Amino acid sequence: MSEPTDRREATVQRYSGLAQLAVSGGTPLDCEAGAFTDGCFGAAAYADSDAPDVPEAALRASLGCGNPLAVADLHPGETVLDLGSGGGLDVLLSARRVGPTGRAYGLDASPDMLALARANAEQAGAKNVEFLHGHIEDIPLPEAAVDVVISNCVINLSTDKPAVLAEAFRVLTHGGRLGISDVIADDGLDSDQRIAAEQHVGCANGTLTAREYGQLLQQVGFTSVRITPTADAGGGLHSAIIEALKPSAAG
């Protein structure tokens, strides 16, 4: 088995354990507690008005580094996909925003996380959601299936980020948009410094700089790329909002 496959399986197992902790009533912690000092980690990234009346277990299982819905600008009737949907918080919030004529998909590789998300969706009475099992490097949806792709501190964990971004581009409709929260690195970090910072933060893996992230997005076809750092994670790492568009079809 190759090293990237081993690392991916280790990531799945870690998040399965975090899901089991949430089910048992505990509060999962992915990134180190002191990594994001301004309250942008997990459920703290969501104001009360962002997440009214969602299941408490979904809030406890929120492991992101920001709030992608703050920039996703979802509209009624749209279809949205959350890459690495975890306990389902962003899917449930997206489902409310797109309304009964829209649809919200969540994709996760952990069966335990999917079980937790489905239970949270049932508790919330959400009818316009669907949780899919799979990897973000190989999205189990057809081309041009969704209007918006969101993600919360998950793409950074992939060992094949170009594949993830290419898949996000593929499943978006022409004119579709990407709005994600993720972790980025300062330009000046060497490889050893980057690894040390990732070990401190705990929820990072092969972190890209803003420049590298932007280049990958453009290489797979995205335009109007905008990357905005939002919080200092320490050691030269930052959370950031990353936005991009899939061009409209020619003609």
Side-chain angles (χ1 to χ4, degrees), residues 40 42-55 58-59 61-108 113-114 117-118 120-132 134 136 139-155 164-165 167-182 217 221-228 230 239-249:
C40 77
Y46 299 82
D48 290 341
S49 59
D50 292 330
D53 304 322
V54 297
L59 282 170
S62 176
L63 299 169
C65 58
N67 179 359
L69 296 180
V71 296
D73 191 27
L74 300 178
H75 304 289
E78 289 188 317
T79 299
V80 58
L81 167 66
D82 182 15
L83 299 180
S85 49
L89 177 61
D90 288 328
V91 175
L92 295 178
L93 297 178
S94 296
R96 291 183 177 183
R97 296 192 182 193
V98 301
T101 61
R103 191 155 190 81
Y105 290 103
L107 174 63
D108 208 281
M113 277 295 185
L114 289 169
R118 288 166 179 152
N120 287 332
E122 182 176 359
Q123 181 181 342
K127 305 298 184 183
N128 59 337
V129 304
E130 183 175 350
F131 291 97
L132 308 171
I136 60 176
I139 299 172
L141 286 173
E143 183 177 346
V146 303
D147 302 297
V148 186
V149 170
I150 64 173
S151 187
N152 199 346
C153 206
V154 173
I155 295 175
V164 177
L165 299 178
E167 278 289 273
F169 187 86
R170 179 185 67 81
V171 301
L172 277 169
T173 59
H174 289 288
R177 53 202 191 276
L178 178 81
I180 62 177
S181 296
D182 214 344
L217 287 164
F222 282 105
T223 61
S224 302
V225 175
R226 182 167 62 177
I227 300 175
T228 308
T230 54
S239 60
I241 289 291
I242 297 156
E243 302 167 85
L245 299 177
K246 180 173 180 175
S248 300

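When reading the values below, keep in mind they use all heavy atoms of this one structure, side chains included, and skip hydrogens, waters and symmetry mates. Keep in mind that what you see is a predicted model, and the values were worked out from it rather than measured.
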S.K.: Please report the C-alpha distance between Ile150 and Ser94 in whole Å, then the side-chain angles of each, then the deciding distance to 0.1 Å, and finally whether the side-chain contact (heavy atoms from CB on, under 4.5 Å) criterion is met.
M.R.: CA-CA 9 Å; Ile150 64 173; Ser94 296; 3.6 Å; yes
S.K.: Can any side-chain N or O of Asn128 pair as donor or acceptor with the backbone N or O of Ala95 at less than 3.5 Å?
M.R.: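 Yes: the side chain of Asn128 pairs with the backbone of Ala95.
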S.K.: How long is the gap from CG on Leu217 to CG on Leu165, to the nearest 0.5 Å?
M.R.: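 It is 5.0 Å, given to the nearest 0.5 Å.
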S.K.: Identify which one of Asp82, Leu107, Val80 satisfies the side-chain contact (heavy atoms from CB on, under 4.5 Å) criterion when paired with Val91.
M.R.: Asp82
S.K.: Between Leu83 and Ile139, does a side-chain contact (heavy atoms from CB on, under 4.5 Å) hold up when you go through it step by step?
M.R.: CA-CA 9 Å; Leu83 299 180; Ile139 299 172; 3.7 Å; yes
S.K.: Where the side chain of Asn152 meets the backbone of Ser181, is there a donor-acceptor pair that is under 3.5 Å apart?
M.R.: no
S.K.: Looking at NE2 of His75 and OG1 of Thr101, how far apart are the two atoms once the value is rounded to the nearest 0.5 Å?
M.R.: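 Going from the NE2 atom of His75 to the OG1 atom of Thr101 covers 12.5 Å.
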S.K.: Do the side chain of Arg170 and the main chain of Leu141 share a donor and acceptor less than 3.5 angstrom apart?
M.R.: yes
S.K.: Working to the nearest 0.5 Å, report the span between OG1 of Thr223 and CZ of Arg177.
M.R.: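 Output value for this atom pair is 13.0 Å.
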S.K.: Mind checking side chain to side chain contact (heavy atoms under 4.5 Å, CB included) for Thr79 and listing every partner two or more places apart, or none if nothing turns up?
M.R.: Arg103, Tyr105, Val146, Asp147
S.K.: Is the backbone of Gly176 close enough, under 3.5 Å, to the side chain of Lys246 for a donor and an acceptor to pair up by distance?
M.R.: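 Here the side-chain-to-backbone pair does not exist.
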S.K.: Can you name the residues that form a side chain to side chain contact (heavy atoms under 4.5 Å, CB included) with Glu122, not counting sequence neighbours?
M.R.: none
S.K.: Are any side-chain N or O atoms of Arg97 and backbone N or O atoms of Ala72, one a donor and one an acceptor, separated by less than 3.5 Å?
M.R.: no
S.K.: Looking only at non-hydrogen atoms, find the nearest pair between Ala117 and Gly86 and report the distance.
M.R.: CB-O, 3.5 Å
S.K.: Work out which heavy atom in Val129 is nearest to a heavy atom in Ala121; give both atom names and the distance.
M.R.: CG2-CB, 3.8 Å
S.K.: Between Asp108 (side chain) and Phe131 (backbone), is there a donor-acceptor pair under 3.5 Å?
M.R.: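 The answer is no, because no donor-acceptor pair under 3.5 Å joins these two groups.
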S.K.: Are the side chains of Ser151 and Asp182 in touch, meaning some heavy atoms are under 4.5 Å apart?
M.R.: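 Heavy-atom side-chain distance check fails, nothing below 4.5 Å.
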S.K.: Measure the shortest side-chain to side-chain distance between Leu172 and Phe222 over non-hydrogen atoms and say whether it is less than 4.5 angstrom.
M.R.: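 Heavy-atom side-chain distance check passes, below 4.5 Å.
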S.K.: Any idea which heavy atoms bring Arg226 and Thr228 closest together, and the distance?
M.R.: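 Closest approach of Arg226 to Thr228, heavy atoms only: CG-OG1, 3.9 Å.
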S.K.: Rounded at 0.5 Å granularity, tell me how far CD in Glu130 sits from OG in Ser85.
M.R.: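 Those atoms lie 11.0 Å apart.
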S.K.: Might you point out which heavy atoms bring Val225 and Ala244 nearest each other, and give the distance in Å?
M.R.: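 So the two residues come closest at CG2-CB, 4.0 Å.
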